[in-house]
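Structure first, then comments.
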Amino acid sequence: MSDIISSLYGELFEADLLAEISTCGIVKSVPKEELLIDIGSYIKHMPLLIHGAIKIIRVDNDGNELLLYFLEKGDTCAMTMTCCMGQSRSEIRAIAEVDTELILLPIEKMEEWLKYKTWRDFVFESYNSRLYEMLDAIDTLAFMNMDDRLLKYLRNKVIISKSNELRISHQDIAYELNTSRVVISRLLKRFEKENKIKIYRSRVEVLEY
DNA sequence: TCATTAACACGGG
DNA sequence: CCCGTGTTAATGA
């Protein structure tokens with residue numbers, strides 16, 4: 001386990017901290033689609049991603065889901081940090097986007113490790129990048145048309161699944177973008193005519209990036 | 001004008 | 001066959 005951590009975080013953390021992570025951390029495999037954290041749940045561990053991707057979703061009172069951002073290799077969850085500090089419950093839902101492996105660290109350590117400069121930097125930088133991604137998500141929602149949003153969504157999927165063959169139905173895309181399938185089908189059809197993508201049954205091949 | 005909803009036929013897996 | 005997909009018509013914002 002320590003060699004996995006070293007290869008991922010060796011540049012980032014000092015030796016003492018790496019050793020502590022090895023001792024305290026638990027490696028967990030999470031299959032695709034598995035629910036990691038739900039709204040209202042207390043958080044006992046903070047995750048460090050080894051590989052894979054986790055989507056972070058906000059849910060409104062009617063159960064509508066809104067995609068906030070993805071966590072990828074080397075990322076951690078900013079929500080966890082806020083929850084640990086304030087003893088509050090999760091405001092978000094976290095679901096594995098693909099098969100994922102991560103290290104779970106007990107939350108008590110999170111504060112204790114602030115004595116390490118590299119840890120403080122990591123936490124701070126994490127907050128920064130998550131905030132930036134949320135701003136980007138807000139921009140997308142507020143200022144982009146559905147066709148641009150769909151393109152962006154597809155490109156994002158390509159990056160995260162590490163494949164330009166996306167196995168997803170029009171209905172699922174519509175659900176994630178909070179729109180109707182008719183719109184997605186029509187836009188995808190248009191993208192296909194513009195040679196941006198190819199459409200198969202429950203499958204989309206992205207040609208342009 | 002463009003999204004949503006419902007309805008329906010087609011055909012791929 | 002089952003359900004994902006393409007399309008249309010009606011209605012609303």
Side-chain angles (χ1 to χ4, degrees), chain A residues 28-41 47 49-73 75 77-79 82 89-102 129-209:
Chain A
K28 191 183 181 190
S29 294
V30 184
K32 186 180 176 180
E33 303 288 300
E34 182 162 306
L35 181 69
L36 282 164
I37 300 168
D38 206 353
I39 314 260
S41 63
L49 266 80
I50 299 171
H51 63 77
I54 294 173
K55 66 178 167 188
I56 306 299
I57 293 165
R58 187 95 167 103
V59 184
D60 75 5
N61 297 329
D62 300 328
N64 299 311
E65 298 191 341
L66 169 62
L67 182 66
L68 291 181
Y69 52 77
F70 286 98
L71 297 178
E72 292 175 83
K73 181 170 68 178
D75 286 338
C77 177
M79 195 69 226
T82 1
R89 295 158 185 252
S90 175
E91 296 285 337
I92 51 89
R93 179 176 289 166
I95 297 173
E97 174 71 11
V98 296
D99 290 341
T100 297
E101 254 192 337
L102 43 79
S129 62
R130 290 296 86 76
L131 181 61
Y132 195 81
E133 283 186 69
M134 297 239 304
L135 284 179
D136 196 48
I138 292 171
D139 284 346
T140 303
L141 267 173
F143 305 125
M144 287 172 76
N145 298 322
M146 187 50 77
D147 49 357
D148 290 327
R149 286 180 61 196
L150 177 57
L151 259 186
K152 183 175 170 163
Y153 171 84
L154 291 174
R155 292 197 187 107
N156 213 339
K157 278 276 193 192
V158 166
I159 293 168
I160 278 152
S161 61
K162 295 189 173 63
S163 159
N164 45 6
E165 292 267 334
L166 306 175
R167 276 198 288 281
I168 189 163
S169 73
H170 296 185
Q171 183 60 72
D172 289 338
I173 299 173
Y175 188 59
E176 290 226 77
L177 294 179
N178 293 306
T179 184
S180 64
R181 184 190 61 80
V182 181
V183 172
I184 299 299
S185 290
R186 182 163 41 79
L187 289 176
L188 287 178
K189 200 82 174 77
R190 202 184 84 205
F191 290 162
E192 191 179 39
K193 281 181 185 151
E194 293 169 356
N195 292 318
K196 290 190 170 78
I197 61 170
K198 277 188 179 177
I199 303 173
Y200 309 91
R201 192 185 173 79
S202 294
R203 203 154 53 92
V204 175
E205 183 184 356
V206 181
L207 302 174
E208 275 186 22
Y209 299 72

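Only heavy atoms go into these numbers, but all of them, side chains included; no hydrogens, no water, no symmetry mates. Proteins come first, then strands; the chains are lettered A, B, ... in the order of their sequence lines, and each starts at number 1.
A/R130 contributes atom CZ, which lies 6.0 Å from atom OH of A/Y69 (distance to the nearest 0.5 angstrom).
Extent of DNA chain C lying under 4.0 Å from chain A heavy atoms, first and last nucleotide in 5' to 3' order, is C/dC3 to C/dT8. Counting 5' to 3', DNA chain B first comes under 4.0 angstrom of a heavy atom of chain A and last does so at the ends given by B/dA3 to B/dG13.
For residues 167-178 of chain A, every residue pair satisfying the salt bridge (Lys or Arg N to Asp or Glu O under 4.0 Å) rule, not counting sequence neighbours, is listed here: A/K55-A/E176, A/K157-A/E176.
Within the 4.0 angstrom heavy-atom criterion, only backbone atoms of the sugar-phosphate kind lie near A/S202; the bases stay farther away.
Contact annotation: the side chain of A/E34 never approaches that of A/I95 to less than 4.5 Å [non-hydrogen atoms, C-beta and beyond]. Counting only heavy atoms from C-beta outward, the side chains of A/I197 and A/L188 approach each other to under 4.5 Å.
A side-chain donor-acceptor contact under 3.5 Å links A/S41 to the backbone of A/D38. Of the possible polar contacts, one joining the A/R58 side chain to the A/E91 backbone as a donor-acceptor pair under 3.5 Å is found.
Closest approach of A/T100 to A/G52, counting heavy atoms only: OG1-CA, 3.6 Å.
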Practice prompt. Please test A/I37 against A/R93 for side chain to side chain contact (heavy atoms under 4.5 Å, CB included), starting from the C-alpha separation and ending with a verdict.
Written response: CA-CA 5 Å; A/I37 300 168; A/R93 179 176 289 166; over 6 Å; no
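Nearest-nucleotide positions on DNA chain B place A/N178 closer to the 5' end than the other of A/R181 and A/N178. Take the nearest nucleotide of DNA chain B for A/V182 and for A/R201: the residue whose nucleotide is more 5' is A/V182.
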